[in-house]
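Letters A, B, ... are given to chains in the order of the sequence lines, protein chains preceding strands, and every chain is numbered from 1.
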Amino acid sequence: MTVGLTRSEHGSYDLDELMIIEAARHIRNGDVVMVGTGLPMVATTLAMKTHAPELVAVIESGPIDPIIMQTPISVSDPRAMHEAARLGSLREVLGCVLQRGLVDIGFIGGAQIDQFGNINSTVIGDYRSPKVRLPGSGGANDIACHARRLLIIVSHEKRRFPLKCDYVTSPGYLNGPGARQRAGLKVLTPTITVVTNLVVMETDAETGLFCVTKLMPGVDLDAVYGNTGFRPGVASTLEEVAPPSDRDLETLREEVDPDGVYVKRGKSH
Amino acid sequence: MTVGLTRSEHGSYDLDELMIIEAARHIRNGDVVMVGTGLPMVATTLAMKTHAPELVAVIESGPIDPIIMQTPISVSDPRAMHEAARLGSLREVLGCVLQRGLVDIGFIGGAQIDQFGNINSTVIGDYRSPKVRLPGSGGANDIACHARRLLIIVSHEKRRFPLKCDYVTSPGYLNGPGARQRAGLKVLTPTITVVTNLVVMETDAETGLFCVTKLMPGVDLDAVYGNTGFRPGVASTLEEVAPPSDRDLETLREEVDPDGVYVKRGKSH
Amino acid sequence: MGLREAVGRFVFDGAVVGLGGQNIGRCAMATVHEIIRQGKRDLTLVGCNLSISMDLLVGADLVRRCEGGSGNLERFGSTFCWRRKVQSGEIEMEDFSHLGMVSRFLAGEMGLPFMPTKSLLGSDILVHKAPSTVKKYEIIENPWNPGEAVVLLPALNPDVSIIHVQKSDSMGNVIIGGFTTHEPEMVRASRNTIVTCEEIIESRQIRSDPERTTLPHIYISAVVHQPWGAHPTSTYRYYDFDAEHLRFYQECARAGGEQVKAYLDRFVFGSESFQDYLEKVGGKERLLQLEKAMKRLCASKGENP
Amino acid sequence: MGLREAVGRFVFDGAVVGLGGQNIGRCAMATVHEIIRQGKRDLTLVGCNLSISMDLLVGADLVRRCEGGSGNLERFGSTFCWRRKVQSGEIEMEDFSHLGMVSRFLAGEMGLPFMPTKSLLGSDILVHKAPSTVKKYEIIENPWNPGEAVVLLPALNPDVSIIHVQKSDSMGNVIIGGFTTHEPEMVRASRNTIVTCEEIIESRQIRSDPERTTLPHIYISAVVHQPWGAHPTSTYRYYDFDAEHLRFYQECARAGGEQVKAYLDRFVFGSESFQDYLEKVGGKERLLQLEKAMKRLCASKGENP
């Protein structure tokens, strides 16, 4: 158990834990949340068990509003289906919920995220003769097209944040302001938020470019610049990410990811 | 009970009964049959209980392969749903079965049937200021577009067979050979069969025009010409409609329409 | 939320209202009565088969326009109020086929602007349109088969749909029994949906068998427990249609004028609630007959309850 | 019909094969093994998430092309045989999103030449295509909103789909439990479908509860009773995925070459039937553990059996 954490004590939790907790804070109670597996599912489960008990999770393989007890390892994991309000089809979720415009917040991930919030999960290198072939879109392109807010949780490494993606699997602001509208997308100015172990960045709807809005405790802007392939702007109200509450940490460690499969632990645990 | 019927005894059954029985003969065992209510349902039920036990009925409101015990009065009648293989939706039936191309034979009806097998169930008179407003297409347009064979059961009255429909709700051969293809329809040369209390007519795939293929017992071509607003061709092999078997008549009278709601009875009953 | 509040909140003058049910099955009659009592006007009614729920609203002079595939009560005859007012030009009808209408709802539920269909081609449904329709359809060439025509129909997203179902939990997780017609697509396409149901069941029951849920709560704005809410139409596994009352309504509707007014005065305006109406059409005794008739049909086929 | 006959009859060299399941759930592994044993080649594999069923066929050198939304086993890693051969250019992959793929099956099941989507716009999925693709998509203007782009994707009608499900009757009335992913659309779009199932149930049971039927028999060409037919992936309410065997397969697939060959020799070619394979992966004891793991998950949530 961790008690009375303060800024100076942040050695007692890991920034990977705070990354999840900060991401979970972006989910509002009642939100319809389009979620896959891995860290997004961890953050969603945490939000559900803490401040957002009425969030409605939708999972692309078919479950609508399941009650997630233990973090599933796959969208086809039975753990992602329990006590759903509806077990349906991919068309129902990606078509009749997501493309229909009912998703408040969707998670995506990828190997590359560029300055405009575009995401690559398809290839490193050339499409026709790739250096590394990645899984591909899955539902990510659909989420990036249709969710009003996008949330990306990712470990902060420079190669993940190039100026320009090798391949745009999932559209952010494409090549800049107005590009989404010109392309024909329905959500014109999505809020794209990246939560890493260093920083929280959010796209500016006017420029389409990332701005740093929050820094993780103990992290300064130079650390961000040094680990990012583009130069993000800085919000006028730059804040520090609030430390985790006892409840957040406990819930994460003891209920959401009890075996520590997903999240590195702080020292005090 | 009627025994040993012959041509000369056809006073012991009614031509309305033979009309249903003859229509039922057009359904082959194993056919997927798109059926509404009224006489088509009577004919389908009769076929199911006699020579075509494996016909698969599909009903637009959602039932797929129900076992019809007693003639339902509506496509939303519970009697049309019993022991179905699937109770689904209108999209499943009209989209994923009919438009998908899986229907062998579909029933349609209407107030007017013209020389090219076009059908009107929308208005008598002008569309914008109709003399009589009829129900409209329902699923009839869809059936006429997508079923490989069309079956129409109707009492033979001159006003029902005009040269040209006031309004084409459901396409037959439109204005002649090749017109279905030009319009973009997928089934280019449907077999359209009309069974009346006087005659069986079938469209000729080359001309798109109706030809008389069979006459009801005791009916001659003049009777047909006198009661038809266009002059149908005559098949080279003009036959007489075979009289009903004992089994057909018994099944129709005692199981399919026991209360005589749909079909006029022959005298001997 | 009661039906009065639900209708007050989600049905407004000029609304596009999606009608559930079909012919003599599961029409949302209780909600229709409440709409009439509240006098919501200039409605556009949409659905596939438009039946007695539509005809009653038309008879009450609340309808400006219908879009659908057909207007009738099958063996019980035409929808007479509608027929009369279409013939006189008092209301307009925009005609599609049933597949055409469900395709439009399919586009609506999928967040698409239009849906292709291979129906309607060559027919007069594409030749004529209602006066106030701006663009009824578009024909394009199939990009994968040059020269082949394909019809595009515009998405239809009702402002509010009204359906009557067998079961729902209090959150609005809905179970429809029997045919579902165009309801799944129409409801998911709608901005709001008011559900009346025969039974309110526990959410636990829904969540223990989620494949059974026809429509999850995210599409539903209000759930009202209203047994017999489809009368005089049927609710599969609960009660059969009331042929006697349907015939009586049809007589009034066919006669029109004073007789429609008298019907409305007696059964709708003269009723505080749908419960009152149910008393007037025969009360418990009559309703139990209809229930028995349905149970008999189901039992004879060895159906699950 | 046995699996051998079904695969012999409905899967052919050069066929477009629709793969059911997703990731670690309900992949039609028994049928995949039989396809490999029969050496059906030059296959095009299609689905949404292409997972171990795809990877095994690619590892067996039977695949020319894939069309899908993704290739991976999520937490268990990439589909390594596929990744290697896409990188080397030995097979081609045509990329869509998952909604894109299910939209193509939706067009296929509705008898339509194409389906619109508002996904993909602006992305490189529309910029790049596989070498042998003729026309991947079309962009048109929304006729109801001039200037707005809409993507049209071509219908996809597989020659044969293979799915593994919980229950079917002998006619092919199929009940899928849990998520159904893209299977309803894909199967209804397919010319033939081979179903393996955990249980064959009586048609009486299907017909006493027809709302439960996921796919009626008219879409199904062959039903084969094959318990554990999805191993090492899971079948909801029957057994959990086999993490140990998945990891073992992934090691072989990642290593490639001889190790993939050895896997195939041992588990597929070296097995007369899927029953043999099940013995090799641990037999009854192992399978009961997986069954118990699933029952535990379901029981803890008070689910129906």
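Of the listed residues C:N49, C:L50, C:T117, C:T79, the one with more heavy-atom pairs under 4.5 angstrom with chain B than any other is C:T117. In terms of heavy-atom pairs under 4.5 angstrom with chain C, the leader among B:Q99, B:R86, B:R133 is B:R133. The most heavy-atom pairs under 4.5 Å with chain B, out of C:F96, C:F241, C:F76, C:W82, come from C:W82. Contact tally against chain B (heavy-atom pairs below 4.5 Å) for C:S97, C:S78, C:G100, C:A149: the top residue is C:S97. Note: C:M93 leads C:E92, C:E148, C:M93 in heavy-atom pairs under 4.5 Å with chain B. The residue among C:D124, C:I176, C:N145, C:V151 with the most heavy atom pairs within less than 4.5 Å of chain B is C:D124. The most heavy-atom pairs under 4.5 Å with chain B, out of C:T235, C:L120, C:N72, C:V86, come from C:L120.
Within residues 172-182 of chain B, the residues that have a heavy atom under 4.5 Å from a heavy atom of chain C are B:L174, listed by number. Residues of residues 125-132 of chain C lying within less than 4.5 angstrom of chain B, judged on heavy atoms, are C:I125, C:H128, C:K129, C:A130, C:P131 in numerical order.
If you run side chain to side chain contact (heavy atoms under 4.5 Å, CB included) between B:S89 and each of C:V102, C:T214, C:T180, only C:T180 comes through.
Seen from the ring of C:F105, B:R91 does not count as a face-on cation partner, given the 6.0 Å and 45° thresholds.
Nearest approach of B:G138 to C:S70, heavy atoms of both residues: N-CB, 3.7 Å. Between C:H98 and B:L90 the shortest heavy-atom distance is O-CD2, 3.7 Å. Closest approach of B:G136 to C:D95, counting heavy atoms only: CA-OD1, 4.2 Å. Closest approach of B:S61 to C:F179, counting heavy atoms only: O-CB, 3.1 Å. Here the closest non-hydrogen pair linking C:K118 and B:G184 is NZ-O, 2.6 Å. Minimum heavy-atom separation, C:S119 to B:D142: OG-OD1, 2.7 Å.
Residue contact with chain B, scored on non-hydrogen atoms closer than 4.5 Å, involves the side chain of C:E185 exclusively. Residue C:T233: no heavy atom, backbone or side chain, is found under 4.5 Å from chain B. Only the side chain of C:L106 comes within contact range of chain B, with heavy atoms under 4.5 Å apart. Looking at B:V132, the atoms closer than 4.5 Å to chain C (heavy atoms on both sides) sit in the backbone and in the side chain alike. Residue contact with chain C, scored on non-hydrogen atoms closer than 4.5 Å, involves the backbone of B:L134 exclusively. C:M294 touches chain B through its side chain: at least one heavy atom from C-beta onward sits under 4.5 Å away, while N, CA, C and O do not. For chain B, the nearby part of C:D240 is the side chain; its heavy atoms alone come within less than 4.5 Å. In this structure, chain C has a heavy atom under 4.5 Å from the side chain of B:T122, while its backbone stays farther away. Interface residue B:Y167: backbone and side-chain heavy atoms are both found under 4.5 Å from chain C. Using a 4.5 Å cut-off between heavy atoms, B:V261 contacts chain C through both its backbone and its side chain.
More than 12 non-hydrogen atoms from other residues, nucleotides or ligands lie less than 6.0 angstrom from CD of B:E157. Counting non-hydrogen atoms of neighbouring residues, nucleotides and ligands closer than 6.0 angstrom, the CZ atom of C:R65 exceeds 12 such neighbours.
Within the 4.5 Å cutoff, the side chain of C:E74 has no heavy atoms near those of the B:P135 side chain. You'll find the side chain of C:R75 stays beyond 4.5 Å of the side chain of B:T37, heavy atoms only.
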